[in-house]
Visitor: 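Sharing a structure with you now.
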Amino acid sequence: MKYGYFDDINREYIIDKPDTPTPWVNYLGSPEYGAIISNNAGGYSFAKSGANGRILRYVFNNFDQPGRYIYLRDNDSKDFWSASWQPVGKDLTDYISKCHHGLGYTKMVADYAGIHSETTYYVPKNKSYEVWAIEVTNNSNQIRNLTLTGYAEFTNHSNYEQDQVNLQYSLFISRTQFQDNRIIQQIHGNLNTLEEDEQVDEKNVTERFFGLAGNPITSYCGDKKAFLGRYNGYDEPVGVTSGNLGNTNNYNENACGSLASQVTLAPNESKTLVFVLGEKSSREAQAIIQSYENAKESVTFEIEELRSEWNNRLEGLQVKTPSPVFDTMINTWNAYNCYMTFIWSRAASLIYCGLRNGYGYRDTVQDIQGIIHLAPEMAADKIRFMLSAQVDNGGGLPLVKFTHNPGHEDTPDDASYVQETGHPAYRADDALWLFPTVYKYITESGNISFLDEIIPYANKGEATVYEHLKAAIQFSMDNLGPHGMPAGLHADWNDCLRLGAQGESSFVALQYYYALRILTLFAKQKNDTTYLAFLEAEQEAMGQKIQELCWDEDRFVRGYTEAGERIGERQAPEANMWLNPQSWAVISGLASEEQAELAMDNVFNRLNTNYGAILMDPPYHKHAFEGALAVIYNQGNKENAGVFSQSQGWLILAEALRGKGERAFTYFMENAPAAQNDQADIRQLEPYCYGQFTEGPASPNHGKSHVHWLTGTASTIMVGCVEGILGLRPDLGGLKLAPAIPKDWEQFTIEKTFRGKTLHISVENPNHKESGFTKLILNGQELNEAYLPEELLQADNTITLVL
Ligand code: NOJ
């Protein structure tokens, strides 16, 4: 079953069957003012923090209510409906609905009873309020008398928990009043002691507004209970059924913003109304609402502005391959998803309510990787920020607070940090993610001097980027386990695998090995000969150790517990085969060709499913060791043998690095959202964004996916596709081209911006290979390897690569 389709020209996903298996959402705005909106107008808004700046209420686990509702009522027939299918939920044989999720905006198109409406929701560029613009058209042949009613459910407190849980307090601090063209909500209004009517003590009083431009207001309501009526739901609010909002304000209990406006339309006549919502003083609100007096023009201009901003953000890499699924993901939706994780981290979705008050170190350092090929300088700023959250001992702060103050932060060594963040210790891997991220930025941008930039540490002192990286290596060396591999500390990437502080993770050891390789390249560049000699010796020694301790005939094991138990070995009754150590043995460069083949074939045979490879097998049930927290999950879910989608990215990359294009592409397709557009009832999540995991074969719901949008999957798959399948691998001197593709791709093109230059690349595959090199022509000149040295590039380059 499918519920919609991709419009690649307009970069929209259009849902034409609104009863989707889960709410399918879009993101609007920026961290200044963010909003989530579903295909049925459900979702919420917040300023700066999902948990501490919540403006619009949303009730989790309640199937997508409330939302940004606009009701339409025919005042002659008294029939009513909503501009999105829900909340009124008219019979879908009479009600035609199309929800266009675009980049930075969502447009609901509805046709019912001869009335056509188009409602566009967006946060204007660089603004911190939201707009709901409805254009309503009379497509019937009679004059129609309509009432349009907008409804916004304010929270009673900006803090999510106070609003939802602490009712003995939060029900008695909110009040609304109507002024000219808007409802004003005040929280803690009693704290305003300023004399003049128009003045509000903005430090103590929070003011929100819900206003209308484009048509006069005929009635209003600021009280949720009065709007709904006793025991009515959002599908039949008395304020709508009666055709009159009753002009009621709230004083205590639950506020809302609701405004009604009567519109009379001759046949074929249209009218645009603009509802505006935000957290602003009443004075500012007045000016904002007035700026929409020319409703249609303002809205058209602002939407165009958003579209062109997003098109610019994406134009750095555009591909045309024989796979529409690959193209739509890489050109638009995976890239958009990467920007969302980059911007929002794990702050707000219909799963994350925003309570984590900061950035996870590894999450963010990985999220950055997903946009480096499109926006290297935007990435660099965030890398600087993350380096400033590295402690001077080289470890990363497990949680980097939104209020992060470089040079002045407490660390996991301080009880205050532990108490404030709930993170009791360093993680073994956090700072090791810096290596691939910094390498990707420097090689994409060519900005090698980045290594010399001075950046503060989180707690005290400062150092160059190069020294920060050295400190990260030192951190691992200072925290070795009994076998000499990096110690497990609190955990590695896998939150559910606690090997113990003195346990040792093969994943971290492989990351460390890879980090040494990357730092070697930088040390060579800097002529840091003594350190270089150290790095080479350390890499050699660590490589040998991993080989001795972790290779088990046809697989790399997952590590050692503090008690000395080897996890992931062949004869273990459960969890005897793990995915990540195999892919990382290839990515890190440690695995020999023979080992890579054995291990990766083992992955394919043991772990792969129609929806991607599961994280390990068999799931934990009876034989979980004490730190195997995955056993708390139902089998086939999450870390307990689910398809953990982030790991698919590393798998794609590993196969592509081996030149195995068929396998790399198979893994891509198995877990690609767009490839499952026709199986939405199985996958359930939006077909245009990644999820955290898909239930594995041990679950009765194999194929069902969860935790939409904000997941490390987006960036990791992007890297797997860009560096792996497309084979765009920048290094310090230029760009290596090493595609690994399905054999039946005869040709594809890549349009890429690289260090300010334009590359038009055509890859020809006349002999149906999955990788390899026959010929490279750069601007008419034949080169003898698949490599574009930067000095040969002109402003505009025509490149043909023959496999
Ligand atoms: C924590 C990582 O940061 C996250 O991206 C991943 O989903 C889980 N670990 C896996 O356990």
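Counting starts at 1 for both ligands and their atoms, following the listed order.
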Visitor: For a salt bridge (charged side-chain N to carboxylate O under 4.0 Å, His left out) check, start with the C-alpha distance between Arg606 and Asp617, then their side-chain angles and the critical distance, and finish with the verdict.
Guide: CA-CA 8 Å; Arg606 278 288 307 276; Asp617 185 59; 2.9 Å; yes
Visitor: Are the charged groups of Glu409 and Lys401 less than 4.0 angstrom apart, N to O?
Guide: yes
Visitor: Using 4.0 Å as the upper bound for N to carboxylate O, is an ion pair formed by Asp363 and Arg356?
Guide: yes
Visitor: Would you mind running through ligand 1 and noting each atom that sits below 4.0 Å from a heavy atom of Glu639?
Guide: 10 (C), 11 (O)
Visitor: Any salt bridge linking Asp492 with Arg427? Criterion: basic side-chain nitrogen under 4.0 Å from a carboxylate oxygen.
Guide: no
Visitor: Between the side chains of Lys660 and Asp601, is the shortest nitrogen-to-carboxylate-oxygen separation below 4.0 Å, so that they form an ion pair?
Guide: no
Visitor: Out of all atoms in ligand 1, which are within 4.0 Å of some heavy atom of Asn494? Include the element for each.
Guide: 11 (O)
Visitor: So is Arg346 polar-close to ligand 1, meaning N/O to N/O under 3.5 Å?
Guide: no
Visitor: For ligand 1, which atoms, with element, lie under 4.0 Å from some heavy atom of Asp363?
Guide: 2 (C), 3 (O), 4 (C), 5 (O)
Visitor: Starting from atom 9 (N) of ligand 1, find the nearest protein heavy-atom neighbour and note its residue, name and distance.
Guide: Trp493 O, 2.4 Å
Visitor: When you measure from atom 5 (O) of ligand 1 to every protein heavy atom, which one gives the shortest distance, and what is it?
Guide: Gln646 OE1, 3.2 Å
Visitor: In terms of atom number and element, which parts of ligand 1 are under 4.0 angstrom from non-hydrogen atoms of Phe644?
Guide: 6 (C), 7 (O), 10 (C)
Visitor: What's the verdict on side-chain contact (heavy atoms from CB on, under 4.5 Å) for Glu723 and Leu728, showing C-alpha distance, side-chain angles and the deciding distance?
Guide: CA-CA 5 Å; Glu723 288 184 26; Leu728 297 168; over 6 Å; no
